[in-house]
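Index from 1, following the sequence.
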Amino acid sequence: MIRSAMVPEASTATQIFVDSTGRRKRLLSVAGFLVAFLAALYIGMVGTSVVRASDAALTVKVGALPTATSASASASAAVE
């Protein structure tokens, strides 16, 4: 009879990673709550910035405005 390599044999070994004190569970729970709190704080900050950005007026960069010399140069070029 040939046994498949995919079927594990039943073992009577004891568990290797046993934490009877619950310290690992508490540590992971505290770390999970801390990560969830920081994520909620970040999402709140992003939401606040989106709400504030919709109320803010659009700004124009100074370099995008036409200067007096470029306006007069384009006007004189159009005349020629």
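Under a 4.5 Å side-chain heavy-atom cut-off, the cluster of Ile, Leu, Val, Met, Phe, Trp and Tyr residues that includes L34 is completed by F37, L38.
By the side-chain contact (heavy atoms from CB on, under 4.5 Å) test, R24 pairs with F17, D19, L28, sequence neighbours left out. Shown here are the side-chain contact (heavy atoms from CB on, under 4.5 Å) partners of T48, two or more places apart in sequence or in another chain: R52.
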